[in-house]
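Have a look at the structure below before the remarks.
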Amino acid sequence: MKGVIFNVLEEMVVQQCGIQVWNEVLDETGDVDGIYTSGDSYPDEELFALVETVCAKLDQPMATVVQAFGVFLFDQLAARYPMFVENEHNLRDFLKSVESVIHIEVKKLYDSPNLPNFTYDESDADTLLMQYRSPRKLCILAEGLIRGAAAYYDTEIEIGHDVCMHKGADHCDLKVRFLDGQNNKSL
Ligand code: ZN
């Protein structure tokens with residue numbers, strides 16, 4: 001996992017709970033680097049261990065913390081790389097650009113970033129089905145990122161997630177349903 005993700009986790013904890021709590025998280029997690037360079041890679045297990053400590057300290061379930069982290073991560077990434085949101089005028093177009101534009105650019109910025117793969121299905125006018133595939137199974141983080149994007153574009157959505165790698169499927173179906181009609185596919 002790239003250091004930038006660790007940097008954003010630190011920022012979230014510091015912003016919401018203070019630097020003292022982040023220092024405690026590092027201490028209590030044990031064998032961690034603690035200082036992360038955005039473009040360097042660190043073991044996935046290290047990020048998961050830090051998130052587990054955050055969950056234990058805040059007494060919150062993993063899914064809640066990971067989803068909140070996804071929302072926060074979206075804002076941070078949008079601030080660091082504004083061109084990706086500025087180039088797309090609505091949430092549907094933005095979500096579709098993740099695979100065809102953003103991931104291609106991220107691969108130029110970072111050496112082997114191990115990104116998930118998305119395929120899209122737009123058979124329903126009011127829904128964008130994003131099929132998520134990644135050996136990391138971070139579909140809850142992906143959901144959080146989508147919710148962060150929806151807030152950015154001021155768009156009301158529901159996310160269906162019945163088909164999931166954590167329930168034995170080989171991919172996750174993230175069904176993004178647009179509630180305000182503005183993102184409906186023009187037929
Ligand atoms: Zn899933």
Side-chain angles (χ1 to χ4, degrees), residues 1-81 84-85 91 94-95 98 102 106 110 113-116 118 130 132 134-169 172-177 179:
M1 190 71 71
K2 288 295 166 192
V4 63
I5 306 297
F6 291 80
N7 297 154
V8 173
L9 180 68
E10 175 180 345
E11 271 174 55
M12 182 177 82
V13 173
V14 169
Q15 206 179 90
Q16 296 179 4
C17 311
I19 183 81
Q20 173 70 20
V21 171
W22 176 248
N23 287 332
E24 288 167 18
V25 167
L26 291 179
D27 282 349
E28 290 167 26
T29 309
D31 190 19
V32 291
D33 288 80
I35 292 170
Y36 303 94
T37 306
S38 64
D40 286 354
S41 289
Y42 301 88
D44 287 1
E45 294 71 31
E46 192 162 324
L47 184 76
F48 300 153
L50 289 166
V51 170
E52 258 179 48
T53 310
V54 172
C55 293
K57 283 195 86 66
L58 303 182
D59 197 20
Q60 294 278 346
M62 180 69 94
T64 306
V65 171
V66 171
Q67 190 146 163
F69 177 55
V71 172
F72 190 87
L73 180 61
F74 177 86
D75 286 345
Q76 297 295 317
L77 293 177
R80 280 176 167 82
Y81 306 109
F84 296 129
V85 281
L91 179 63
F94 173 79
L95 294 176
V98 168
I102 297 179
V106 173
Y110 293 110
N114 283 323
L115 298 166
F118 286 106
M130 299 175 72
Y132 168 97
S134 163
R136 289 180 163 134
K137 300 185 185 178
L138 288 174
C139 52
I140 302 297
L141 182 63
E143 245 196 62
L145 285 163
I146 293 169
R147 289 187 197 284
Y152 178 88
Y153 286 100
D154 198 14
T155 300
E156 260 195 274
I157 58 163
E158 267 172 11
I159 302 178
H161 191 165
D162 293 334
V163 175
C164 182
M165 296 173 91
H166 295 284
K167 297 178 190 163
C172 299
D173 278 345
L174 301 176
K175 278 187 178 175
V176 181
R177 198 160 79 82
L179 302 180

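Excluded from the calculations below are hydrogen atoms, water molecules and symmetry mates; all remaining heavy atoms, backbone and side chain alike, are included. FYI, the numbering just counts along the sequence from 1.
Among all heavy-atom pairs drawn from Tyr132 and Leu174, the shortest one is CB-CD1, 4.3 Å.
Legend: residues meeting salt bridge (Lys or Arg N to Asp or Glu O under 4.0 Å) with Arg177, ordered by chain and number and at least two apart, are Asp126, Glu158. Partners of Glu11 according to the salt bridge (Lys or Arg N to Asp or Glu O under 4.0 Å) rule, which considers only residues two or more places apart in sequence or in another chain, are Arg80.
In this structure, the separation between CD1 on Ile146 and CE on Met130 is 4.5 Å, given to the nearest 0.5 Å. Once rounded to the nearest 0.5 Å, the distance linking CG of Leu9 with CZ of Phe6 reads 8.5 Å. Note that CD1 of Ile140 is 6.0 Å distant from NE2 of His166, once rounded to the nearest 0.5 Å. Note that CG of Leu77 is 10.5 Å distant from CZ of Phe72, once rounded to the nearest 0.5 Å. Taken to the nearest 0.5 Å, the CG atom of Asp27 stands 7.0 Å off from the CG atom of Asn23.
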Please tabulate, for side-chain N and O atoms in residues 47-58, each donor-acceptor pair with protein atoms closer than 3.5 Å (sequence neighbours left out).
{"unit_1": "Thr53", "atom_1": "OG1", "unit_2": "Thr29", "atom_2": "OG1", "d": "2.7"}
{"unit_1": "Thr53", "atom_1": "OG1", "unit_2": "Ala49", "atom_2": "O", "d": "3.0"}
{"unit_1": "Lys57", "atom_1": "NZ", "unit_2": "Glu24", "atom_2": "OE1", "d": "2.9"}
{"unit_1": "Lys57", "atom_1": "NZ", "unit_2": "Glu28", "atom_2": "OE1", "d": "3.4"}
{"unit_1": "Lys57", "atom_1": "NZ", "unit_2": "Glu28", "atom_2": "OE2", "d": "3.0"}

Residues 30-37, side-chain donor-acceptor partners within the protein, below 3.5 Å, at least two apart:
{"unit_1": "Tyr36", "atom_1": "OH", "unit_2": "Gly34", "atom_2": "N", "d": "3.2"}
{"unit_1": "Tyr36", "atom_1": "OH", "unit_2": "Glu46", "atom_2": "OE2", "d": "2.7"}

Would you mind writing out the side-chain donor-acceptor pairs for residues 148-157 within the sub-3.5 Å range, not counting sequence neighbours?
{"unit_1": "Tyr153", "atom_1": "OH", "unit_2": "Val85", "atom_2": "O", "d": "3.0"}
{"unit_1": "Tyr153", "atom_1": "OH", "unit_2": "Glu88", "atom_2": "O", "d": "3.1"}
{"unit_1": "Thr155", "atom_1": "OG1", "unit_2": "Tyr153", "atom_2": "O", "d": "2.9"}

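With a 6.0 Å radius and a threshold of 12 heavy atoms from other residues, nucleotides or ligands, Lys175 has its NZ atom at or below the threshold.
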**OP:** Decide side-chain contact (heavy atoms from CB on, under 4.5 Å) for Ile5 and Phe69; before the verdict, give the C-alpha distance in whole Å, the side-chain angles of both, and the deciding distance to 0.1 Å.
**Re:** CA-CA 10 Å; Ile5 306 297; Phe69 177 55; 3.8 Å; yes

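Applying the salt bridge (charged side-chain N to carboxylate O under 4.0 Å, His left out) test to residues at least two apart or on different chains, the pairs with a partner in residues 136-152 are Asp44-Arg136, Glu143-Arg147.
Contact annotation: the side chain of His161 approaches that of Cys139 to within less than 4.5 Å [non-hydrogen atoms, C-beta and beyond]. Contact annotation: the side chain of Ser41 never approaches that of Met1 to less than 4.5 Å [non-hydrogen atoms, C-beta and beyond].
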